[in-house]
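Just so it is clear: chains get the letters A, B, ... in the order the sequence lines come, proteins before strands, and each one is counted from 1.
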Amino acid sequence: EELTKLSVVLGYVPNVESFGAEYALKQGYFKDEGLDVTVIPAGQGVDQVQMVSAGTVDIGISNPEQILAGVAQGAKFKVFASEFQKTPMAMTCRKDSGIEKASDIAGKRVGVKTPAKPFFDLFMSKNSIDPASVTTTSIGPNDISVLISGQIDCEVTTFAFNEPRLIEAAGVPVNVFSFGDYGLNSQVDSYFVSDAFFADPAKKELLVKYLRAEQKAWMEFFKDPAGAAKFMVEGGFTDGLDLDQQTYQAEKQALYMKDAFTAEKGFMWVNLDTWKETAQNALASKVTDKLIDPTDLLSTEILEKVAPPKM
Amino acid sequence: MASQPGESGLSIRDVGMVYRRGEQVTTALVGCSLEIPEGNWASLIGASGCGKSTLLRILADIVRPTSGTALVGGVTPAEARAARTFALVSQQSTMLPWRKILANVELGLEVAGVDKVERKRRAEEAIELVGLKGFEQAFPSELSGGMRQRAAIARALTLKPRFLLMDEPFGALDEITREKLNFELLRILKETSATLLLVTHSISEAIILSDTVAVMSPRPGRISHVVDIGFGHERTGAMRDDPQFGAYESELRHALHGPAGAPRPMATPSPSHALA
Amino acid sequence: MASQPGESGLSIRDVGMVYRRGEQVTTALVGCSLEIPEGNWASLIGASGCGKSTLLRILADIVRPTSGTALVGGVTPAEARAARTFALVSQQSTMLPWRKILANVELGLEVAGVDKVERKRRAEEAIELVGLKGFEQAFPSELSGGMRQRAAIARALTLKPRFLLMDEPFGALDEITREKLNFELLRILKETSATLLLVTHSISEAIILSDTVAVMSPRPGRISHVVDIGFGHERTGAMRDDPQFGAYESELRHALHGPAGAPRPMATPSPSHALA
Amino acid sequence: MAFESGILEQGLGAADEAALHRNEPPPGWLLEAIGAHRVRAVLAPLAVLVVVLVGWQSLCESGAVSPLILPSPLAIAEAFIKDGPNLLAAATVTTIEALTGFVLGNILGFVLAVAFLYSELSRRTVYPLAMAAQAVPIVAVTPALILWFGNGMAPKIFVTMFLVFFPMLVNALRGLRNADTEVMELLYTLSATPLQQLRMVRMPASVPFVFNALKISACACFVAAIVAEWVAADRGIGYLIVLYGSQYRMPQVWAAVLIGTAISMAVYGLVVFAEARVAPWLNRRKRPISD
Amino acid sequence: MSSITVPDLAADAAGGSEPGTGPAGIPWGLVLPPVLFVVALVALWAVLSAAGLIPRYILPAPGAVLNEFTRNYAVLARHAAYTSGEAVAGFIIGNAAAVLMAIVFSYSGLLKAAFYPFALISRAIPIVAFTPLLVIVLGRGLPPVIAVVAIAVYFPAFLNMMRGLASADVDYHEMLHTLSASRWQRLKMVDLPASMPYLFAALKVSASVAFICAIVAEWIGANVGLGYLVVISGQYFKLPTLWAAIIVAAVLTLLLLALVVLAERALRRWTAAPGEI
Ligand SMILES: Nc1ncnc2c1ncn2[C@@H]1O[C@H](COP(=O)(O)OP(=O)(O)OP(=O)(O)O)[C@@H](O)[C@H]1O
Ligand SMILES: Nc1ncnc2c1ncn2[C@@H]1O[C@H](COP(=O)(O)OP(=O)(O)OP(=O)(O)O)[C@@H](O)[C@H]1O
Ligand SMILES: Cc1ncc(C[n+]2csc(CCO)c2C)c(N)n1
Ligand SMILES: [Mg+2]
Ligand SMILES: [Mg+2]
């Protein structure tokens, strides 16, 4: 039987965050669905939004802020699933800086990654922090040494379960401030395709198959997160992963993927309310020039057909 | 002995040349005319800077005259060059520094598309002729000044051209080597019935090698005198003992030094115009 | 007339020179010895490629001999160079292409740290002397071959050195210019009591300009003959008419051409060793 | 056909062979040739530019390329107008970084070249080290640089300097060694001091190489500064490219890119101009008439 | 050449004095000083690290990096192989294109006039801006990285060749002219040989940036290669891996550079005269 080709670009370098796709591929779940899936790892500089809009890949996995920015610039997408219910994006602060709550950053030095600059400005305004009271300095896209060395007190943004672990492993205890708790929630690692792709019923059917296979893989993840981490580290997907960190992340990220909403609707469900909040924030932080109404952007059609477990 | 002047020989008609660079204007030639019938041998003598090289460079299509026309074998220098009817030995005896002597001597033949074996044979012959045997594999920088000059002569000789334009080719050579090459040149000219235009500072060399000696006046250069040498084409070293040789010599010296010039200048400086 | 040989003049003692590059070994000089007392004028003549330039380059500290010693004013060439006691006019009349003629002639004085006004004065004087007035602002590429050579002579003359080493400085000049410069050179040598070592291919020029003419044998070069010229230091053009002049000339020609060589070679090629 | 040496400087364009070999004295053809090829030097690239722009615009309008990838020329122009002051402010920062790095790096490169020329020991020890240093992927160490220098202009200047000094070192060394043997012998017999040799012969001889290095870096210094900013900065063109890029504001990204390009071209032009002033003999044909 | 006293003249002409070779043919004079220097540098690094003067988060101790080489060499080798392939391919493609373009421009005044400004502009555009386009057009992986390297590398050779092809003495041109040589012959016999010093100066410059460019490009658009390894090990704070990758990249760059230097020497040995070029 002929397999149908389908490509997906991950949200980041292959790690437990993308266990679903990699494991499904490895175990032949995609093949069982009649799909010949190409998994394109991402990383620095690979832009899933651009790739999907240019048609070089079928499915993209990316952050809502970026998907919205793309839409604001004229791209047409459909989001059909989301990995995270709560954003793993976080601010990580050194414990010795004495920052216990968000407003404590006044008078402190915060290292901000360039793309996160608007986001951080919004964070300050939402939490009534005077930007003038904070010394911000820009840092590289994957730089935690500045925080470890003590040149900055906080770093924006980090993942809640990635950098903090590494920083503590380097001997610097930290406090982590998850942005979801500060009015900046978003469904990180949302799955999207171009509007045209989605409009084609035959192709739409592929998405159902794809998601079904991935869901199956994710169920294995929840059974044994540590095993999943081991699978990712030793599977030869990417060099340089840290087993301890990946195990930690695997344990932690489950908490960001499942909540009351998924228990009601199903795993990987898209949450219109979260998206509305994100769209508001994107406008407020001037990432988009106009308010994007996510209603048309999201579709639960695929999810409904897949009918993922409510968990 | 040869065809009509200007028809197939070298022909310079009312040629003028002005060099200009910004303020600096140098009139090198004014109204120069000279006809050298095909097969004839001619020499050009004149004070340093009078325009001899310029005239040769006009015939070789390196520069174009400001006025007048030059013909080589009845066609323009450009056409003659394209047809490869002449060869030039320039005053600097230019050698490509990255080529060994053999390859430098072969260059003209290589450009003309002569095959490898043949051009090596001809180049080796010419190298032997100018006395550079044993230096085929030396680089130009390893040769003495005179040896480089001989290599440049060899390169021109390999081409067996209809017209041979030579700019002081023997200037850096000692008397013996010079005379030996003078007679080798005569032999080759006769063999190939080539036409020669030679720039030289040696009056006796001019007489030995020419049917016609043209004298140029100091800058701005013009052909001031033409002396025909009646020795025919059978020449030996003994011709110097001919009283006629001495007569030609003094006539030319006279022509060269101008009416006021003595055959042998005094220790007192001559008027600077004669020099500059 | 001058101090003891070797003490303060030019001294070449048993000098040998072998050029080597990979397989290619050229023995340029073997056991060369020559003493030129200070204030004396000497010439070096010999076949092309016999090692004349090499000898001059040894004295000028450009190359070091493979064996033997060379002294300039009683010290090594390197010390003499450091003390700026000599000036060299090389065979190529080297000019810096990016400097105009005036600046090229001034170069030696500039290097020696002579102040601007003075060096301009002296350079202009020398330029006038060699008949290049009016070409101060031309670039070397705009001069004829002979004019460039004169500019190189002018540069050496500005330095008024104790020792003047000249490698065929007049080779590209016509007879008149050449003789005029010969006598200018004599005048300057007398004025400055300089010592001269001149390489030339002209036997008569060697006699006119020298107290001593050294003849070199063909490669490998050695000094085969030394002829003392007894004309004293008061010289005029008339000395050529002196019968002694002719005697020197034929002695030198004889020495040069070797026992078998005739004063005037035949049209038949002489043995190639005499050339190469 | 006339003799044509082909010695023409960059930026001017080869003149017609016909224009070169004429019955006129040199300045005649020179002026004419310059006149003729000046016109062509402007018209020809302009024609290419127009073709490219029209093609580009219609490609974008056809919808064949995503606006998230390639903005249309008109959209870029619009971004220029809308975002001008912002772009200019950023460009100023980047220009200061790039030019400071350019100047420092080239001075360092030239000084090292001179040192290597005169000191065998320094060459043997420092040259391999300079090569090794150049071999270090500097961008990969930028985070470390930021640790040392902070995230202001200093690390960007350092990166720029780092990428600029090597082309100058290599070219200057080659150029300083390019002096003619005969000319060096002349200076040598004149007993010129090393400094005089340097000033009178080696420096002039090195000019074509040195200016090539300057030209190489005139463009590269901006790229270097931008890449350094791109790692971590809160100002400058590189910063704007990253920020706008992360929001897919492609017209603005390209406007920022083009303003950087325009300034580095201006610096390039300055280098060409300086070359013509400093080394007129380079742009003059060696023998005006003969060519 | 021992007989030459003019300091450095022979060496100058040869493009650098060639230090004497030892009896075994190993050029100790060339090898020893840098080796000693590197050894001294590493020793300094070790001492400073041991003394705690270099924080671990800036630069790990040499032992840690060395350990990385022994423990993780397979991973390093795999990524290094990718990067080398990209850098070398880009280097060759870029320089070949540069030489060709310079030759074409030296032949055609019109083409030169029309495209020269764009050749310049292309160098002035930050590669960063190109990359998304290249990744889209060429796909992810080696091709866009090779393209970035080629684009970044071609410029020095292009500039230097433009100059080098015009650098030959007029005398040589005049001679070939009177021999009625074709443009191609002139190129082959005079202009190309005369441009070699220019070309090699450029090749040294571009050899030194080829790896850097490959790494930057990998950083942007690849998931293999040393650039990627640097990014990912930075992200996961595996500084020994990061520095090992940097050292490998530096060593590879030096190898490429050495190759260029050797090629230059070989070419000089075959073709060039002593004291010339
Ligand atoms: N740099 C060099 N390398 C190798 N051989 C050389 C070098 N310079 C000169 N020679 C050789 O040494 C010999 C003597 O050369 P030199 O230049 O001294 O001759 P010369 O007497 O000045 O000749 P000429 O009158 O032709 O100038 C020649 O055979 C020449 O080939
Ligand atoms: N390229 C040039 N640019 C300007 N002036 C030039 C150029 N070439 C020659 N001249 C001038 O033209 C005049 C004649 O030069 P040419 O070289 O023809 O003289 P020549 O008779 O060959 O002299 P020589 O015997 O010294 O070689 C000289 O005054 C010279 O300065
Ligand atoms: C598990 C994990 N996934 C992604 C990133 C990369 N990352 C860190 S912050 C951020 C948002 C942009 O600032 C992104 C994409 C990471 N570090 N760890
Ligand atoms: Mg001449
Ligand atoms: Mg000589």
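- Summarising the local packing, CZ of D/R235 is surrounded by 12 or fewer heavy atoms from other residues, nucleotides or ligands at distances under 6.0 Å.
- With a 4.5 Å cut-off on non-hydrogen atoms, D/R249 touches chain A through its backbone and its side chain both.
- Proximity to chain D (any heavy atom under 4.5 Å) is shown, for A/Q66, by both the backbone and the side chain.
- A distance-only check finds a donor-acceptor pair linking the side chain of A/S138 to the backbone of D/A233 [under 3.5 Å].
- For a residue to count as touching a neighbouring chain, one of its non-hydrogen atoms must lie under 4.5 Å from one of that chain's; by this rule A/V49 touches chain D with backbone and side chain alike.
- A/S53 touches chain D through backbone and side chain together, each having a heavy atom under 4.5 Å away.
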Show, in sequence, the C-alpha distance, side-chain angles and deciding distance for D/Y248 and A/D47, and conclude whether the side-chain contact (heavy atoms from CB on, under 4.5 Å) test is met. CA-CA 10 Å; D/Y248 310 107; A/D47 199 287; 2.7 Å; yes

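- In this structure, NZ in A/K113 is found 13.0 Å from OG in D/S246, a value given to the nearest 0.5 Å.
- Put simply, NZ on A/K117 and CG on D/D234 are 7.0 Å apart, with the number rounded to the nearest 0.5 Å.
- Interface summary for chain D: among A/D289, A/L68, A/V287, the most heavy-atom pairs under 4.5 angstrom belong to A/V287.
- For A/K76, the NZ atom counts as loosely surrounded, since its 6.0 Å shell holds 12 or fewer non-hydrogen atoms of other residues, nucleotides or ligands.
- For A/K95, the NZ atom counts as densely surrounded, since its 6.0 Å shell holds more than 12 non-hydrogen atoms of other residues, nucleotides or ligands.
- Considering every non-hydrogen atom in both D/M250 and A/Q50, the closest pair reads CE-NE2, 3.0 Å.
- With respect to chain A, the highest number of heavy-atom pairs below 4.5 Å among D/V65, D/I69, D/L70 belongs to D/I69.
- Rounding to the nearest 0.5 Å gives a distance of 13.0 Å between CG of D/L68 and CE of A/M51.
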